[in-house]
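Let me begin by presenting the structure, written as structure tokens, before commenting on it.
Only this structure's heavy atoms are used, side chains among them; waters, hydrogens and symmetry mates stay out. For ligands, and for the atoms within them, numbers begin at 1 and follow the listed sequence.
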Amino acid sequence: MQNQIHQYLWEAAQVWESGVLPSAENLARARASLPATLPETGTSLASVQNHILGDIVPAFNGGSISANYYGFITGGTTPAALFADNVVSAFDQNVQVHLPNHSIVTDVEYNAIGLLLDLFRLDRATWHNGTFTTGATASNIIGLACGREFVLQKAAQTKGCRLQSVGEEGLFEVLNALSLSGVQVLSTLPHSSLVKAAGVLGIGRSNVRNVCRADNPLLFDLDKLEKELARADKVSIVAVSCGEVNTGRFATSGADLRKIRQLCDKYGAWMHADGAFGIFGRVLGESPEFATIKKGSEGIELVDSITGDGHKLLNVPYDCGFFFTRHQNIASQVFQNANAAYLTAGNSDGPSIPSPLNIGIENSRRFRALPVYASLLSYGKSGYEKMLERQIRLARKIYGWIWENSVYTALPQASSKAELLDQTFMSVLFRANDEGLNGQLGSKINESSRMFVSGTNWDGSPACRIAISNWRVDVERDFALVTEVLAKVAQS
Ligand SMILES: *Cc1c(COP(=O)(O)O)cnc(C)c1O
């Protein structure tokens with residue numbers, strides 16, 4: 001049965017045959033096919049299928065299916081993950097309470113968290129507390145929520161105050177009781193979703209503070225950081241950009257991370273790492289070719305919580321992220337689903353598996369661990385390592401070509417080609433030297449419909465980013481395609 005489900009959807013995916021973007025005609029036709037109101041009576045399954053495959057699907061983009069869609073960081077869907085995701089939909093298991101006699105799903109989730117920890121070389125004995133989320137944004141919300149709880153509990157203990165749990169007593173009450181004016185998040189080039197998380201959690205977007213060095217916006221100024229941590233009126237969470245979204249570069253290497261850890265311990269701060277894609281640097285082996293990238297996530301085991309994305313470099317379908325923490329009990333103090341006796345977990349003889357509803361945002365939720373589990377088993381450690389190596393090699397080859405080309409400039413500015421390539425992960429940031437061309441660079445590249453790039457801003461002017469994240473990457477084939485398109489645009 002599973003094979004039939006899989007076959008059907010795999011074939012459905014092949015029906016999609018446009019370029020990286022749908023044609024204007026297909027978009028218009030799909031839009032015109034949408035019903036204005038809900039029909040009184042339903043129609044046959046076959047006709048709904050025809051409508052979806054014939055009208056809607058041709059207006060999709062190739063974000064996941066094409067190896068040459070380099071916008072955002074979309075990843076793709078490995079065959080194993082696609083198979084498992086279809087099983088998830090077909091059997092529609094609700095992963096909410098750990099009920100070991102009712103279903104195996106919570107055991108599989110817990111196991112999949114362990115497999116991910118193995119992939120990222122994080123010690124299970126310390127790190128096997130975490131959960132699956134809808135993506136890195138949700139993981140950042142959980143990370144900052146755990147941090148908020150932790151730093152205020154610490155401050156309350158230091159001051160001998162009775163009120164201390166935000167989850168239980170409320171942020172306003174705890175801050176008031178502690179005579180504090182707020183919680184702040186200290187970071188360098190944080191992803192926009194981290195700022196959003198601060199907004200959601202009552203920390204405030206404007207309380208995400210930049211503590212970067214004057215000569216490099218991604219690196220921490222440790223003196224500035226300590227000054228902020230030492231403030232008497234605030235408690236702090238330090239957020240490490242473990243992979244900055246424009247450049248793919250890292251805010252720390254092992255040595256400064258250890259110094260930041262010491263400062264956080266000294267001042268009772270929580271340390272969170274947003275490793276949505278950067279945590280995958282830990283998949284790489286010992287080869288000197290990738291030593292600089294590996295350094296970027298070195299020491300990450302010292303932080304308190306880690307955000308990771310499933311639907312980016314892990315190549316499982318939307319929506320999927322994960323969250324790890326070293327602190328076994330902190331998430332349940334924030335996310336405890338209070339006073340619902342019917343949701344009490346059952347007992348089992350195995351490991352003590354927490355009920356997902358008590359450590360994450362949702363109650364009822366999708367069995368999104370299964371595609372992760374399937375893909376990890378299908379590729380193993382070395383399969384993921386090889387996949388990432390191909391992505392990095394392609395990024396470096398493209399950067400090398402851009403470096404040599406007089407029409408384009410590789411960003412950030414580097415003193416030598418060797419230095420640029422050495423620091424390159426899976427992102428290529430660049431612009432055209434001619435201002436006129438640069439203003440339209442993204443749309444000119446995307447008009448080719450052979451590849452898709454994201455527009456962004458760097459140093460105050462427009463730039464383009466090629467983010468390589470799909471499992472289908474083929475270095476030689478894709479290098480030829482990308483440079484052909486870039487050369488053509490350069491001549492236009
Ligand atoms: C993509 C990304 C996010 C947000 O992830 P979603 O999966 O879109 O929620 C957060 N942080 C970083 C560094 C990212 O690259």
Side-chain angles (χ1 to χ4, degrees), residues 61 63-64 69-77 81 85 116 120 130-145 147 185 187-201 205 208 210 212 217-218 237-252 271-283 293 296-297 300 303 305-324 360-362 365-366 368-369 371-372 388 391-392 395 424-429 453-458 465-470:
N61 66 46
S64 262
Y69 187 96
Y70 303 116
F72 311 97
I73 307 178
T74 56
T77 300
D85 204 58
L116 279 173
F120 301 128
T131 193
F132 285 94
T133 66
T134 50
T137 302
S139 299
N140 279 337
I141 290 173
I142 298 180
L144 293 194
V185 179
S187 190
T188 62
L189 293 183
H191 188 268
S192 54
S193 65
L194 196 95
V195 183
K196 174 176 179 168
V200 170
L201 291 164
R205 289 188 289 273
V208 179
N210 180 359
C212 76
L218 186 53
I237 298 167
V238 174
V240 178
S241 299
C242 181
E244 189 277 321
V245 75
N246 281 306
T247 59
R249 294 189 183 183
F250 296 84
T252 59
M271 217 172 151
H272 175 71
D274 181 354
F277 63 88
I279 189 71
F280 284 81
R282 295 177 68 90
V283 172
I293 300 307
S297 53
I300 279 298
V303 306
S305 58
I306 299 174
T307 281
D309 239 328
H311 49 227
K312 289 181 178 166
L313 296 186
L314 196 65
N315 276 263
V316 302
Y318 290 108
D319 39 23
C320 181
F322 45 88
F323 172 77
F324 306 136
I361 294 169
E362 299 93 352
R365 80 205 227 294
R366 183 176 177 81
R368 59 173 67 88
V372 171
L388 187 60
Q391 291 163 340
I392 298 172
T424 298
F425 190 20
M426 26 50 77
S427 274
V428 179
L429 189 68
V453 299
S454 283
T456 184
N457 240 286
W458 190 255
R465 189 194 58 175
I466 295 174
I468 297 160
S469 60
N470 199 289

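- Each of the atoms 2 (C), 11 (N), 12 (C), 13 (C), 14 (C), 15 (O) of ligand 1 lies under 4.0 Å from some heavy atom of A276.
- Side-chain N/O atoms of T307 and H272 include a donor and acceptor closer than 3.5 Å.
- Remark: ligand 1 atoms within the under-4.0 Å shell around heavy atoms of G135 are 7 (O), 9 (O).
- In the model, T247 has a side-chain atom that pairs as donor or acceptor with a side-chain atom of E244 under 3.5 Å.
- Nearest protein heavy-atom neighbour of atom 11 (N) of ligand 1: D274 OD2, 2.7 Å.
- For ligand 1, the atoms lying closer than 4.0 Å to a non-hydrogen atom of G243 are 13 (C).
- With a heavy-atom cut-off of 4.0 Å, F277 touches ligand 1 through its side chain alone.
- The neighbour count for Y318 OH, taken as heavy atoms of other residues, nucleotides or ligands under 6.0 Å away, is above 12.
- Nearest to atom 2 (C) of ligand 1 among the protein's heavy atoms is K312 NZ, 2.3 Å.
- Distances below 4.0 Å separate heavy atoms of V245 from the following atoms of ligand 1: 15 (O).
- Every atom of ligand 1 is numbered from 1 in the order shown, and the set under 4.0 Å from a heavy atom of H311 is 6 (P), 7 (O).
- The protein atom (non-hydrogen) at minimum distance from atom 8 (O) of ligand 1 is T137 OG1, 4.2 Å.
- The CE atom of M426 lies 10.0 Å from the CD1 atom of I293; values are rounded to the nearest 0.5 Å.
- The backbone and the side chain of A136 each have at least one atom closer than 4.0 Å to an atom of ligand 1 (non-hydrogen atoms only).
- The aromatic rings of F132 and F322 sit perpendicular, their planes meeting at an angle over 60°, well past the 30° parallel limit.
- For atom 3 (C) of ligand 1, the nearest protein heavy atom (residue, atom name, distance) is H191 CE1, 3.2 Å.
- Against a heavy-atom cut-off of under 4.0 Å, D309 is close to the following atoms of ligand 1: 1 (C), 5 (O), 6 (P), 7 (O).
- Of all non-hydrogen atoms in S187 and A239, the two that sit nearest each other are OG-O, 2.7 Å.
- A side-chain N or O of S139 and one of T133 form a donor-acceptor pair less than 3.5 Å apart.
- For the residue pair D274/S241, the side-chain donor-acceptor check at 3.5 Å is not satisfied.
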